[in-house]
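In what follows, chains are A, B, ... by sequence order, proteins preceding strands, each numbered from 1. Hydrogens, waters and symmetry mates play no part in the numbers below; they use all other heavy atoms, side chains included.
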2 protein chains.
Amino acid sequence: MSNAWQEDVQAAVAAGVRISDQHIVDKVRRAVLTQRLPPGTRLPEVTLGEVFGVSRSVVRKALTRLAADHVVDQRPNQVARVRAPSIEETRETFAARRLVEGEVVALLAGQLDDGALSALEQEAHREIEAHQCGDEPARIEHSLAIHHQVAELSPNRVLGAMLTDLILRTSIVIALYKRPSLASCYLDGDHPRLLARLRAGEPEKARGVIDEHLRALEDLLDLGPRETETDLMAILGRPSPAEA
Amino acid sequence: MSNAWQEDVQAAVAAGVRISDQHIVDKVRRAVLTQRLPPGTRLPEVTLGEVFGVSRSVVRKALTRLAADHVVDQRPNQVARVRAPSIEETRETFAARRLVEGEVVALLAGQLDDGALSALEQEAHREIEAHQCGDEPARIEHSLAIHHQVAELSPNRVLGAMLTDLILRTSIVIALYKRPSLASCYLDGDHPRLLARLRAGEPEKARGVIDEHLRALEDLLDLGPRETETDLMAILGRPSPAEA
DNA sequence: TGTCGATTTATTGTATACAACAATACTGGC
DNA sequence: GCCAGTATTGTTGTATACAATAAATCGACA
């Protein structure tokens, strides 16, 4: 029950930081992203309230927003749970992200000033460093930072917001379906290649790089037919897999 | 203050229909869509609660969800208001919808069974009838039904949900920025053309039809430079337009 | 008369109490 | 030992009370 998670929060509370629903949303999102809160985890309102030192009112608002962000499942009269997207939805999420992020980088190609480009290149460089050091959490951090900045920089803010959402959802399912054998989902050179296209102002090439990048990422996941265990269950005619 | 709107709600309450946050969300969404609730309208929690016969708790949840749907603006310590997207955001929303709906219809081309296709064609036919009768509300209803069904039928559910959101947002800004001189935003033959492409199984043609359709729709709006009045205000150096 | 300031009002933020519902555990019968 | 029915517990749904904040109003003063 008691995660290392609670310590951060209690420290924040002790420091007098104002805990609002936004903070809870951020904390939970981050915890889900880093798999400290694995899919299916129950998130009772009172428990969350105790953890954050607020009442259910605040927690409820946070949960509603997290549900809108597809991070948790909120069903009537039932405890909220961390969402566990199906394999099918995972594929669809990747397809959607290819479409949206492809368009965003195409729009961005040749339109970025040197400052933004440099910041991106710095993140890419740090990602490589982190990977060489074997520091996977840091590597993920920098990789996410690149995509996140791309979303932020999108000239089309509507698409940018949609991309932010899709990056979050993709990250969740990557954590969920990553092949255990793989130490990392690092794809060598993809990010520098993308940035080179952006700098060179080649929209379609940039779109192509992103498309390949995301396809390669998806291929790294274990999205094949279910494992033997669950397959047997299905064959034996279990009424409902209880899996969204 | 008292709209015809309230009557429906009070009738529903009298009929013993269970009013939940979902109902409020639907009602407000619909009212915004049909411009019975024009952009900028204040939506105080107590007032809404009285109208629907529920307490603020329920209203708050509904407002939070409506904010997530980009229908209302919910800022801290401030009364929620019906969102008034800017002209820039309007253009971006249309661009996003062209991208997403284009992809969806491309995925759909040649993949629909006759039942779904027939249902769509019936809506298109009824739209034409309504237009010929001069019944604009009905025409909008049928037009929306077509796009809505396309979103529902999307093999990629993630894209489908995104499209549903974009259809709503587009409808809002159409109502907002429609040229007053125009009686209707009807585009002759576009929908039948789309359905023909879907039936024929021509993905790229279908994408092209949607793209043109949405561009034509956008061109029907008054998205030019601001009017003289507001322009003067800007020139005179008003500190902040206070308009999201 | 116009503007600044204080007071009042309107509205949201938060906590809490109770009701309704779901899931679980327990007990009695078979 | 197993199943059904019931009691209990856990959890969410809703309403309400009070605190905190923002907006509006009014009044004093220049």
Side-chain angles (χ1 to χ4, degrees), chain A residues 1-2 9-10 12-14 16-28 37 40-68 71-83 238-244, chain B residues 1-2 9-10 12-14 16-28 37 40-68 71-83 238-244:
Chain A
M1 271 293 181
S2 61
V9 176
Q10 283 168 6
V13 172
V17 175
R18 182 82 154 279
I19 300 290
S20 70
D21 60 294
Q22 181 62 56
H23 292 220
I24 300 179
V25 169
D26 289 342
K27 283 279 184 202
V28 173
L37 248 38
T41 305
R42 287 161 46 94
L43 299 173
E45 298 176 358
V46 283
T47 311
L48 243 53
E50 286 165 8
V51 169
F52 287 100
V54 295
S55 88
R56 283 178 53 213
S57 320
V58 187
V59 174
R60 273 176 83 75
K61 183 165 182 181
L63 284 176
T64 302
R65 294 182 50 187
L66 285 166
V71 175
V72 307
D73 241 358
Q74 213 181 12
R75 279 143 78 172
N77 289 318
Q78 237 160 308
V79 59
R81 304 176 101 97
V82 176
R83 247 176 77 93
R238 189 172 50 167
S240 86
E243 194 78 15
Chain B
M1 269 294 180
S2 62
V9 175
Q10 283 167 6
V13 172
V17 175
R18 181 82 155 279
I19 300 289
S20 69
D21 61 295
Q22 181 63 56
H23 292 230
I24 300 179
V25 169
D26 289 342
K27 283 278 183 203
V28 173
L37 249 40
T41 305
R42 289 162 46 95
L43 299 173
E45 298 177 358
V46 282
T47 311
L48 243 53
E50 285 165 8
V51 169
F52 286 100
V54 295
S55 88
R56 283 178 52 211
S57 320
V58 186
V59 174
R60 272 176 84 73
K61 183 165 183 181
L63 284 176
T64 302
R65 294 183 50 189
L66 285 165
V71 175
V72 308
D73 243 359
Q74 211 182 12
R75 288 158 57 183
N77 290 319
Q78 234 159 311
V79 60
R81 303 177 104 97
V82 177
R83 247 176 76 92
R238 186 171 53 164
S240 85
E243 194 78 15

To the nearest Å, give me how far apart CD (B/Gln74) and P (C/dT12) are. 9 Å
Could you grab the distance from atom CZ of B/Arg83 to atom CD of B/Gln74, nearest 0.5 Å is fine? 12.5 Å
Nearest heavy-atom pair of A/Ala62 and A/Asp21: which atoms, and what distance? CB-O, 3.8 Å
Polar atoms only, N or O, under 3.5 Å: list the protein pairs with nucleotides 8-11 of chain D and their distances.
unit_1 : atom_1 : unit_2  : atom_2 : d
D/dT11 : OP1    : A/Arg42 : NH2    : 2.5

Let me know the distance between CG of A/Leu48 and C1' of D/dT12, rounded to the nearest Å. 14 Å
Answer yes or no: is there a side-chain heavy-atom contact under 4.5 Å between B/Lys27 and B/Phe52? yes
Whole angstroms only, please: what is the NZ-P distance between B/Lys61 and D/dT12? 11 Å
Can you name the nearest heavy-atom pair linking A/Leu43 to A/Leu63, along with the distance? O-CD1, 4.1 Å
Which whole-number value in Å describes the distance from B/Arg75 CZ to C/dT11 P? 17 Å
Just how far, in rounded Å, is P of D/dT14 from CZ of B/Phe52? 14 Å
Length of the CG-P vector between A/Asp21 and C/dT12, whole Å: 15 Å
Which atoms form the tightest heavy-atom contact between B/Arg56 and B/Val46, and what is the distance? CD-CG1, 3.8 Å
Rounded to the nearest 0.5 angstrom, the OG1-CZ distance for A/Thr64 and B/Arg65 is 8.0 Å
For D/dT12, does either OP1 or OP2 sit under 4.0 Å from a side-chain N or O belonging to A/Arg60? no
What protein N or O atoms touch nucleotides 15-17 of chain C N or O atoms at under 3.5 angstrom, if any, and at what distances?
unit_1 : atom_1 : unit_2  : atom_2 : d
C/dA15 : OP2    : A/Ser55 : N      : 2.7
C/dA15 : OP2    : A/Ser55 : OG     : 3.2
C/dA15 : N7     : A/Ser57 : OG     : 2.5

So, taking the atom named CZ in A/Arg60 and the one named NZ in B/Lys61, what distance separates them when rounded to the nearest 0.5 Å? 5.0 Å
Could you tell me the separation between the CD atom of B/Glu50 and the C1' atom of D/dT14, rounded to a whole number of Å? 17 Å
Could you list the residues that satisfy salt bridge (charged side-chain N to carboxylate O under 4.0 Å, His left out) with B/Arg81, not counting sequence neighbours? none
